[in-house]
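Encoded as structure tokens, the structure appears first; notes follow it.
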Amino acid sequence: MKELISEKQIKSRVKELAKEISDKYRGKTPILIGVLNGSFIFLADLVRELTIECEVDFIKISSYEGTRSVGTVHLLKDISADITGRDIIIIEDIIDSGLTMNFLKTRLEGANPASLAITTLLFKKEVARLNFMIDFVGFEISSEYVVGYGLDLNQKKRNLKSIFRIEQ
Ligand code: 5GP
């Protein structure tokens, strides 16, 4: 494993993202929807840097086994909140192929929120197939498999403080 993004870099970028989000949603109370499991650390750090009111909810889906996408998305746990007429921000750890985000966006938009924005800590922009913009991006990375700061390798390594790439 080789360190790709240090703890210090993550902290500073999370603060910047929180400021951007706070500025954009000033006077509003968005619901941040964390995509489990990978986003739990990012979401926890991000909300503590926000200077606006917010609510937090979670959705759980699966598309990966080990280091490979299985190509289909399954909903494992739905949100609890009623998001109709609310400002929604999806909080994702990483966008790779875009399969998950396409699924999530379509599904959540079906409940008619007032607005829907997407935040991702990591974005594999070169490989992602999306026909919409990502509103808040932490870091753009190449298409390597990364772990740490919530991101797993077979459910392990999520507790690492920095982000590492796996060297084959
Ligand atoms: P996508 O649907 O965009 O291909 O992938 C999104 C999901 O796949 C992420 O939420 C994450 O769970 C998983 N994933 C994609 N790339 C990586 C990676 O490099 N490392 C880890 N740990 N998970 C990844």
Side-chain angles (χ1 to χ4, degrees), residues 1-11 13-14 17-18 21 30-47 54 56-81 83 88-111 113 116-168:
M1 292 200 315
K2 191 154 191 274
E3 190 179 78
L4 184 67
I5 308 171
S6 70
E7 186 183 357
K8 200 175 155 199
Q9 285 173 298
I10 297 170
K11 268 196 181 141
R13 189 69 189 117
V14 168
L17 287 173
I21 293 170
I31 307 178
L32 277 65
I33 300 181
V35 186
L36 292 171
N37 291 337
S39 74
F40 78 111
I41 293 180
F42 175 42
L43 178 63
D45 284 348
L46 186 71
V47 290
C54 71
V56 172
D57 202 349
F58 291 96
I59 193 164
K60 183 166 182 170
I61 48 132
S62 82
S63 64
Y64 259 63
E65 272 170 24
T67 60
R68 285 186 31 245
S69 171
V70 292
T72 46
V73 179
H74 300 282
L75 183 70
L76 300 177
K77 180 216 168 288
D78 205 352
I79 49 169
S80 313
I83 62 168
I88 300 307
I89 312 176
I90 302 174
I91 308 293
E92 178 64 294
D93 51 351
I94 186 163
I95 298 176
D96 182 2
S97 68
L99 187 73
T100 305
M101 197 48 73
N102 275 306
F103 171 88
L104 281 174
K105 188 169 184 285
T106 305
R107 185 174 175 91
L108 295 176
E109 272 175 352
L116 189 147
I118 300 166
T119 301
T120 187
L121 179 66
L122 304 174
F123 188 22
K124 297 183 188 173
K125 197 176 179 182
E126 289 157 27
V127 290
R129 285 161 61 187
L130 302 168
N131 54 9
F132 49 84
M133 299 289 290
I134 304 301
D135 304 85
F136 306 98
V137 175
F139 302 92
E140 285 180 13
I141 63 167
S142 57
S143 74
E144 56 214 336
Y145 196 83
V146 292
V147 298
Y149 196 70
L151 291 145
D152 76 310
L153 178 61
N154 291 321
Q155 300 306 325
K156 299 188 185 74
K157 313 274 186 214
R158 295 190 194 275
N159 55 322
L160 299 174
K161 291 182 180 176
S162 309
I163 293 168
F164 297 83
R165 68 160 176 259
I166 304 283
E167 299 205 312
Q168 302 289 340

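As the structure lists them, so they are numbered: ligands from 1, and atoms in each ligand from 1. For the numbers below, each heavy atom of this structure counts, side chains included, while hydrogens, waters and symmetry mates do not.
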Atoms in ligand 1 flagged as close to [X], the criterion being non-hydrogen separation under 4.0 Å:
X    : result
E92  : 10 (O)
D152 : 21 (C), 22 (N)
D93  : 9 (C), 10 (O)
E144 : 19 (O)
L99  : 2 (O), 3 (O)

Item to complete: Compute both the distance and the angle, then confirm whether K105 meets the cation-pi test with F132: under 6.0 Å from the six-membered ring centre, within 45 degrees of the axis.
Response: yes
Worksheet item: Contact between K124 and ligand 1, counting heavy atoms under 4.0 Å?
Response: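 Right, K124 reaches ligand 1.
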Worksheet item: Does even one non-hydrogen atom of V147 get within less than 4.0 Å of ligand 1?
Response: no
Worksheet item: Which option out of V35, T100, L122, I61 puts a heavy atom nearest to atom 6 (C) of ligand 1?
Response: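 That would be T100.
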Worksheet entry | Gap separating the CG atom of L121 from the OH atom of Y149, nearest 0.5 angstrom | 6.5 Å
Worksheet item: To the nearest 0.5 Å, what is the distance between CG (D152) and CG (L160)?
Response: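 So the CG of D152 and the CG of L160 are separated by 11.0 Å.
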Worksheet entry | N or O contact, G98 vs ligand 1, cut-off under 3.5 Å |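 Yes, G98 has an N/O under 3.5 Å of an N/O on ligand 1.
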Discussion item. Is it the case that ligand 1 has an N or O less than 3.5 angstrom from some N or O of I95?
Written reply: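 N/O-N/O distance under 3.5 Å: no.
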Worksheet item: Where on V73 is there a heavy atom closer than 4.0 Å to ligand 1, on the side chain, on the backbone, on both, or on neither?
Response: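 Near ligand 1, V73 shows nothing, with every heavy atom at 4.0 Å or more.
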Worksheet item: How about T119 and F42: do any of their side-chain heavy atoms sit closer than 4.5 Å?
Response: yes
Fill in: Heavy-atom side-chain proximity of L130 to I95 below 4.5 angstrom
yes
Discussion item. Side chain to side chain contact (heavy atoms under 4.5 Å, CB included), that's the test. Do L46 and I21 meet it? Break it down for me.
Written reply: CA-CA 10 Å; L46 186 71; I21 293 170; 4.1 Å; yes
Worksheet item: Is the number of heavy atoms from other residues, nucleotides or ligands under 6.0 Å of K77 NZ greater than 12?
Response: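 For K77, atom NZ is crowded (more than 12 foreign heavy atoms under 6.0 Å).
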Discussion item. Would L4 and E144 count as a side chain to side chain contact (heavy atoms under 4.5 Å, CB included) here? Give the steps.
Written reply: CA-CA 10 Å; L4 184 67; E144 56 214 336; 3.7 Å; yes
